[in-house]
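Because the structure is a prediction, the values reported are computed rather than measured. Within every chain, numbering begins at 1; the chains are lettered A, B, ... in the order of the sequence lines, protein sequences first and strands thereafter.
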2 protein chains.
Amino acid sequence: MAKFKLDEIDHQILDMLIDNTRVPFTDIAKKLVISAGTVHVRVKKMEDAGIIKGSSLTLDYKQLGYSFIAYVGVFLQKTSQTKFVLERINEIPYVTVAHITTGKFNVFCKIRAKNTEHAKDVIFMIDDIEGVYRTETMISLEESLNDKKRLMHSIFNEM
Amino acid sequence: MAKFKLDEIDHQILDMLIDNTRVPFTDIAKKLVISAGTVHVRVKKMEDAGIIKGSSLTLDYKQLGYSFIAYVGVFLQKTSQTKFVLERINEIPYVTVAHITTGKFNVFCKIRAKNTEHAKDVIFMIDDIEGVYRTETMISLEESLNDKKRLMHSIFNEM
DNA sequence: GGTGAAACTTCTAATAA
DNA sequence: TTATTAGAAGTTTCACC
């Protein structure tokens, strides 16, 4: 993970790919007035450097029947159990992301479920993990994802 | 957004694309023993139906100098201001996702910042929004993302 | 629905600058 | 480092199952 300095061309390439990973390199090349070979080399370099960790689809989970989102704060009996509990939590597929946090909770995670009934099952799974003392749930009534592009622009414009 | 029934082939296609959106359709076709044309048509159909909302790169934000993650709970003076405040919050590029929630907070969001100093600025931006009464921050010491594939498998295996 | 092949487009690696 | 190039590979359409 060597420190890697991105230049303006790299930013522009990421800028096009972050919205649509299947944009042809020839399109990127045309827009940036460079060759497709250069785009290819640069993307490869960013992949090798680990800046680009991968690519993924954005699916409509609502349409797949998963419209329930909640955050679950987890209290542990002992802080030393954090790693163990985190691992168990990450085994639950309905947990999309988990954190070790400062503040009142030891672990904090986001879950995605079908409905309240299903969410209850998921929360009980968490409650049942050895070392978990108590959980506190916060239900999302509406989620708004912010465009990754905007964060990227902020990052680039100050580098 | 017509109800759209995915079959086993669709699942397999998504399964391959979710890990790497640039997998050639010919590779998918080979693996599923169907023609590349079929893969193409099916992906297009899922895009048209909105199941596939898009594709995006996974970047290493740590390497880009953004290693700070926190969740910020927002208390409002009046619940009626929720929509307005949510919009203002979403204008901040360092906010990656925001929710309207039940429970103690009115709005709950995730932020990504360079460091504690920068996070302070971001939190102050939120505090400064008209209608925001108070915020409460929870700092992530460690984040572990769960594999999307696992949620997808759970979704598919029960449909 | 799906196929297979044709026509077209894109990728990639080697070479040259 | 970047550009060019050419052969390999991938995409997309379409006539036909």
Under a 4.0 Å threshold between the charged nitrogen and the carboxylate oxygen, would B:Lys104 count as salt-bridged to B:Glu136? yes
Intermediate values then yes/no, side-chain contact (heavy atoms from CB on, under 4.5 Å), A:Tyr94 and A:His118: CA-CA 10 Å; A:Tyr94 309 102; A:His118 183 215; 3.4 Å; yes
Got a sec, which residues hit side chain to side chain contact (heavy atoms under 4.5 Å, CB included) with B:Gln81, two or more places apart in sequence or on another chain? B:Leu76, B:Gln77, B:Lys78, B:Val85
Phosphate-side-chain proximity, A:Arg42 and D:dT2, N/O vs OP1/OP2 below 4.0 Å: yes
Check whether any side-chain nitrogen or oxygen of A:Ser35 sits under 4.0 Å from OP1 or OP2 of D:dA3, and answer yes or no. yes
Any donor-acceptor pair under 3.5 Å linking the side-chain atoms of A:Asn157 with those of A:His11? no
With salt bridge (charged side-chain N to carboxylate O under 4.0 Å, His left out) as the rule and sequence neighbours excluded, what pairs involving residues 81-91 of chain B come up? A:Glu142-B:Lys83, B:Arg88-B:Glu91
What nucleic acid atoms does B:Lys45 come within less than 4.0 Å of, heavy atoms only: base, sugar-phosphate, or nothing? sugar-phosphate
Write down the protein N/O and nucleotide N/O pairs, taken from nucleotides 15-17 of chain D, whose separation is under 3.5 Å; answer none if there are no such pairs.
none

Sequence neighbours left out, cut at 3.5 Å: what donor-acceptor pairs do the side chains of residues 66-73 of chain A make with other protein atoms?
residue	atom	partner	partner atom	Å
A:Tyr66	OH	B:Glu158	OE2	2.2
A:Tyr71	OH	B:His99	NE2	2.8

Without decimals, in angstroms, what is the distance between [X] [atom1] and [N] [atom2]?
X: B:Ile34; N: C:dA5; atom1: CD1; atom2: C1'; answer: 17 Å
X: A:Ile28; N: D:dA3; atom1: CD1; atom2: C1'; answer: 17 Å
X: B:Glu8; N: C:dG2; atom1: CD; atom2: C1'; answer: 18 Å
X: B:Ile13; N: C:dG1; atom1: CD1; atom2: C1'; answer: 13 Å

Please write out each protein N/O paired with an N/O of nucleotides 8-11 of chain C under 3.5 Å, distance rounded to 0.1 Å.
residue	atom	partner	partner atom	Å
C:dT10	O5'	A:Thr26	OG1	3.4
C:dC11	OP1	A:Phe25	N	3.2
C:dC11	OP1	B:Arg22	NH2	2.9
C:dC11	OP2	A:Phe25	N	2.8
C:dC11	OP2	A:Thr26	N	3.2

Note, A:Lys148 side chain near B:Ser56 side chain (heavy atom, < 4.5 Å): yes
Could I get the full list of salt bridge (charged side-chain N to carboxylate O under 4.0 Å, His left out) partners for B:Lys30, not counting sequence neighbours? none
